[in-house]
Enquirer: 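Please find one structure pasted underneath; my questions will follow.
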Amino acid sequence: MSEYIKKSIWVFHLNTGSCNACDIEILDALTPYFDAERLGVKLVVSPRHADALLLTGPITYESLPKVIRAIEAVPRPRFILALGSCAVGGGIWHDTYSTIGGVPELLKILKNRGIEVDGVYYVPGCPIRPEALIYAVGILKGILQKKVKMRVRKAIA
Amino acid sequence: MTKKSLDHVLKEYIDGIKSIYPKADYLFSNDTLFIVVPKEKLRDVTEFIHNKMDCYLRTCLGSDERPLLGHFALYHIFGDDRNGLNIVVKTYLDPKKPVAPTIMDIVPAADWCEMEARDLLGIEFEGRKQYRLVLPVGWPDNLHPLRKDVPYNIRPRPSAVGERITPPKTATATIPVGPYHPALHEPEYFELYVEGETVVDVKYRGFHVHRGIEKLGESRMNYQQVNFLAERICGICGFVHSTCYAQAVEKAAKIDVPERAKFIRSIVLEIERIHSHLLWIGVAAHLLGYDTGFMHAWRIREHIMVLAEFLTGSRKTYGINLVGGVRRDINEDKKKQAIEVLDKVEKDYMEYLKALLAVPEVKKRATETGILPKEDARKLSVVGPTARGSGLDRDVRRDVPYAAYNYVDFNVPVYDSGDNLARLLVRADEVIESIKIIRQLLDQLPKGPIMAEDFEIPENRAAVSLAEAPRGEDIHYIITGDGRPYRWKVRAPTYQNIPALKVMLKGAPLADAPLTIASIDPCFSCTDRIYVINETSARKIVRIGIGLCPG
Amino acid sequence: MSEDKPATSRSTILKALEIALKTGRVTRKYPFAEPLITDEFRGRIEIDEEKCIGCGACVLACPPNALELIEENGQRMIKYFIGRCIYCWRCIDVCPVNAIRGTRDFELATDNIDDLVDIVVHDMVKCSSCGSAFMTIRQKIYVIKKAPLTENYIDKDPKCRREKTLNALLKRRGGVMKYE
Amino acid sequence: MSLDFINAGLVLSSITTLLFIVPILDSIERKVKAAIHSRIGPPILQTWYDIRKLFAKKLSVIPNPFHVVFFLFLYMMLSIMSITYFITAVLVPMWNSIMVLIILITILQTTFIVLPFVTSNPFAIIGATREVLLVLVNEIVFFIAMALLIFFSGETYLSSLPYIHPTPAYLILAAILFIVGYVSCGRQPFDIAEAEPEIASGILVELTGPLLGVFVYANLVRRALFKLIPVYVLIAPFTGSNMYALITSLIILPILWVIYAGLAALFGRSRVDIAPVSLLKLYSILFSITIILYLVFK
């Protein structure tokens with residue numbers, strides 16, 4: 001089922017309290033120099049049409065219920081792309097009083113409420129480069145391999 | 001302005017205030033006059049400064065100074081642009097139960113900042129309607145995050161948030177209309193009440209992007225880290241914020257910033273302005289259904305983005321500002337490349353502009369729509385291109401020069417018609433002016449260090465700093481503390497411009513609403529406030545989420 | 001410039017076509033071609049575990065707390081969470097031993113958040129009197145190299161050191177009470 | 001008999017080709033626009049990928065499910081039926097009156113307008129209201145043009161058009177049909193019903209998954225029909241044979257699609273209070289010219 005999505009990824013963009021830098025870079029990814037449309041990416045205007053949600057920002061309390069509602073409105077199979085350091089790890093405001101601290105926390109809330117998501121992709125960057133978004137799309141499509149891996153290194157005295 | 005006239009003006013202010021309250025303490029530092037008055041006299045003093053001296057309110061803020069002086073403090077910051085003066089009126093409030101008189105009836109612009117102080121510090125304002133502005137619904141009433149005894153990372157009832165989903169009023173059922181609707185970008189939204197296709201009323205709902213920035217800057221971070229935080233107030237005009245912050249600290253601590261650093265700041269500021277305006281022009285074209293215009297504006301903008309990355313290390317949130325100077329130098333090679341890019345951009349841009357304005361729909365739909373008459377503009381004290389599109393000739397870069405702006409020669413484009421086209425043309429012209437400014441700055445770039453050496457930041461100094469963002473004037477107020485700001489307050493330009501939207505939108509066709517809203521180039525990441533009006537008889541409700549720092 | 005107001009210049013809607021023809025196709029075929037990146041780009045940082053002494057200067061400088069210092073079981077970990085990094089490179093500025101290097105790496109997307117964690121583990125020195133771990137072995141070597149005379153008291157943690165100094169002082173004054 | 005057999009084969013193959021090729025033409029349109037934007041654009045099969053993907057999505061609950069599904073399938077059936085009827089009528093000289101085509105198209109357009117109303121979403125309803133205003137002008141002009149066509153040519157059969165003599169008035173009528181076709185396709189500046197910034201793509205907003213897929217596909221077929229009719233009317237008199245006329249129209253269709261795409265990329269979006277009025281003005285001028293020409297060359 002999700003095989004078909006790889007050829008045609010319709011995305012809906014939600015700013016959940018980001019500073020706009022990631023948001024303009026998302027738009028930038030659609031413009032001539034990057035042209036995400038050549039990879040089948042299309043920005044749609046309703047979450048009901050979307051396959052993937054682009055979340056930017058650390059998810060403020062004020063936006064949380066709306067984010068949950070948007071996720072519910074996306075027909076399955078649905079994916080989440082956490083874009084930028086705020087969405088991935090809460091960014092510079094990961095522990096302030098008015099944010100929940102990023103998509104990992106959101107996923108816990110979703111799990112508690114029984115809302116399923118078919119895949120989550122994390123795209124660090126502050127802001128993300130348009131290429132970073134295209135790279136993530138490449139991973140979602142299966143044409144690229146991820147390069148990062150958890151590392152634990154011992155400093156030998 | 002000569003020294004004598006400044007003294008004269010100061011004397012006028014001080015005499016005026018002394019006549020209201022003879023025991024008023026005052027202090028003059030940098031370009032700012034600090035005055036302390038008791039709260040009983042606050043309204044009289046406000047009236048004198050605002051009405052008699054014809055100043056306008058920059059912003060007001062509360063501060064928890066119980067650990068220092070055993071009181072809450074309330075600051076009202078007024079601006080006198082003709083003389084380049086700031087007037088800060090300080091009032092002490094009771095530490096147990098802080099209550100202050102409202103000045104909203106004298107200065108309508110104080111509405112939001114008073115409510116913000118109420119939310120964040122628990123200061124009650126007598127004699128006005130009070131409501132929750134900043135904090136999310138469901139936040140405990142007696143918890144005020146900016147009080148010094150409240151930790152910055154407190155998170156009351158995080159699980160309760162999920163319960164706040166309110167069902168939509170109309171039969172829109174499961175569609176999340178509202179903050180995340182059509183023109184994407186930002187989660188604040190406008191409810192437009194329409195009859196048929198005509199907008200009869202507007203309601204702005206906001207504060208989805210409240211991230212607790214001021215508290216963070218006052219608790220977890222140190223002076224240098226706050227630069228990076230300030231830059232992230234807004235991802236589009238972030239460098240203005242970090243410059244404004246750095247300047248405020250430098251002013252408060254009387255740090256001598258090297259000239260070269262000032263030049264580099266101005267160059268990057270203008271690059272940011274070009275990127276922001278091109279972005280806006282592209283989005284405006286998109287809102288008018290002219291996607292070709294959007295694509296080509298952003299194609300030209302891409303050169304600027306690459307140039308910004310080449311000069312600073314990042315496409316956005318440049319991260320080169322520090323208190324005392326900048327982190328990256330501009331060498332001869334970079335200078336040469338920058339000039340090449342600017343030449344290309346200027347050529348492409350001029351051609352693009354011709355193409356854009358030749359499209360009949362662009363011209364037809366921008367002309368005579370979203371009109372903000374000059375009188376309204378003055379009354380609402382709008383700033384930036386919104387003011388300049390309505391015939392108000394004000395620009396901080398020229399009126400109160402900062403950074404290296406007093407070394408350059410540039411025009412401030414002003415158009416009188418007050419419609420969307422005027423605001424478009426102001427921005428269009430400003431791009432060319434910015435290119436001109438950067439050329440001059442690169443040409444005159446002085447030699448020397450880019451960072452001030454060894455400086456100390458003393459405690460309990462205050463300063464007001466201004467900067468002209470792409471959307472208007474940006475104000476940072478700072479009180480220094482131990483290793484970090486004691487109080488740091490930011491006022492973004494969109495704050496000043498949003499009330500003007502009501503004037504522009506009423507009675508206009510729905511189809512023009514997105515462009516009109518976009519035409520003030522609102523930046524909600526910076527603003528984070530709410531504008532509430534009375535709901536009137538409206539048949540249908542359409543909620544439009546226009547984002548945009550223009551985007 | 002303002003005399004030649006673009007608003008007044010004559011032009012038709014075909015102007016856009018002319019621009020398009022002249023410009024041609026500008027798209028970079030990333031990921032199949034090089035990204036549009038300059039040499040100055042600030043990407044992910046790389047901690048050199050050969051050089052790092054685990055002092056934590058970077059942790060103090062990091063604005064978003066992407067670098068964290070965790071101590072447990074006699075080990076100190078410098079944890080770099082790429083997913084929170086803002087790529088400001090302040091850590092590079094403050095590192096006393098130049099153990100942190102900036103890269104141009106931005107291809108960091110992953111489907112598992114644990115991939116974004118990078119940890120350097122240091123063994124710690126135990127205090128010779130109370131036995132609590134208080135600094136890394138590398139840090140000790142570094143301090144001794146920089147200030148050779150410190151060898152005498154470097155084995156004790158700051159608390160014990162203060163205690164020792166105070167006790168010595170008290171003794172000299174003839175007191176017998178032990179500082180607690 | 002053998003001719004009928006060939007005709008039947010031709011009808012079948014043209015329809016299947018058309019139904020398959022329409023999404024590809026849409027991809028080509030996107031590519032043309034991309035070229036004007038100075039970028040690459042999607043692959044040639046992208047619209048097919050999109051539709052296939054939409055059908056693979058789960059259906060989620062919508063208000064008025066019965067009405068929506070009913071009108072949606074009616075809409076799809078009608079668009080396919082109309083285009084089938086048109087091709088059959090061109091080739092088979094039996095009950096192929098232009099009147100039937102007009103009736104079919106009227107029902108088709110009505111379904112298209114009713115659909116967003118039953119979804120009871122405020123955006124969709126505003127979009128539909130705008131569409132009604134535009135269609136009112138456009139549809140009436142379509143009737144008048146077709147009626148004049150019958151009147152001028154003296155033929156009520158589509159299959160007879162290749163055998164008439166094209167007069168200047170006839171050619172202007174064909175031009176009017178081209179404009180009607182362009183407007184019906186909802187391209188700039190007439191995409192006011194789907195205006196994304198203000199009403200979130202209006203009529204589409206409530207549909208999701210396979211339902212959206214059905215709508216997108218049916219809409220493309222309808223657009224193809226509105227391009228095919230003017231092309232056929234214009235070139236039929238010059239070919240002299242209805243089979244040639246059909247084949248030539250099918251060949252011209254992609255070219256016309258590309259031209260329309262290029263045109264749409266050069267315009268911005270009009271407004272609901274401007275578009276119908278300016279259209280009316282344009283049409284009245286063209287009709288006056290037609291009538292004058294008719295009287296002059298009679």
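Proteins get letters first, then strands, A, B, ... in listed order; numbering begins at 1 in each.
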Enquirer: Between Thr292(B) (side chain only) and Ala265(D) (backbone N and O only), is there a donor and an acceptor less than 3.5 Å apart?
Expert: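 Flag set: sc Thr292(B) to bb Ala265(D) pair under 3.5 Å.
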Enquirer: Per the ring-ring contact (aromatic ring centres under 6.0 Å, His included) rule, what does the pair list look like for residues 259-283 of chain D, sequence neighbours excluded?
Expert: Tyr182(D)-Tyr260(D)
Enquirer: Could you check if a side-chain atom of Ser38(D) sits within less than 4.5 angstrom of a side-chain atom of Met295(B), using non-hydrogen atoms only?
Expert: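 Contact flag for Ser38(D)/Met295(B) side chains = no.
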Enquirer: Given 3.5 Å as the limit, does a donor-acceptor pair link the side chain of His37(D) with the main chain of Arg299(B), or not?
Expert: no
Enquirer: If I measure from the heavy atoms of chain D, does Val362(B) come under 4.5 Å with its side chain, its backbone, both, or neither?
Expert: neither
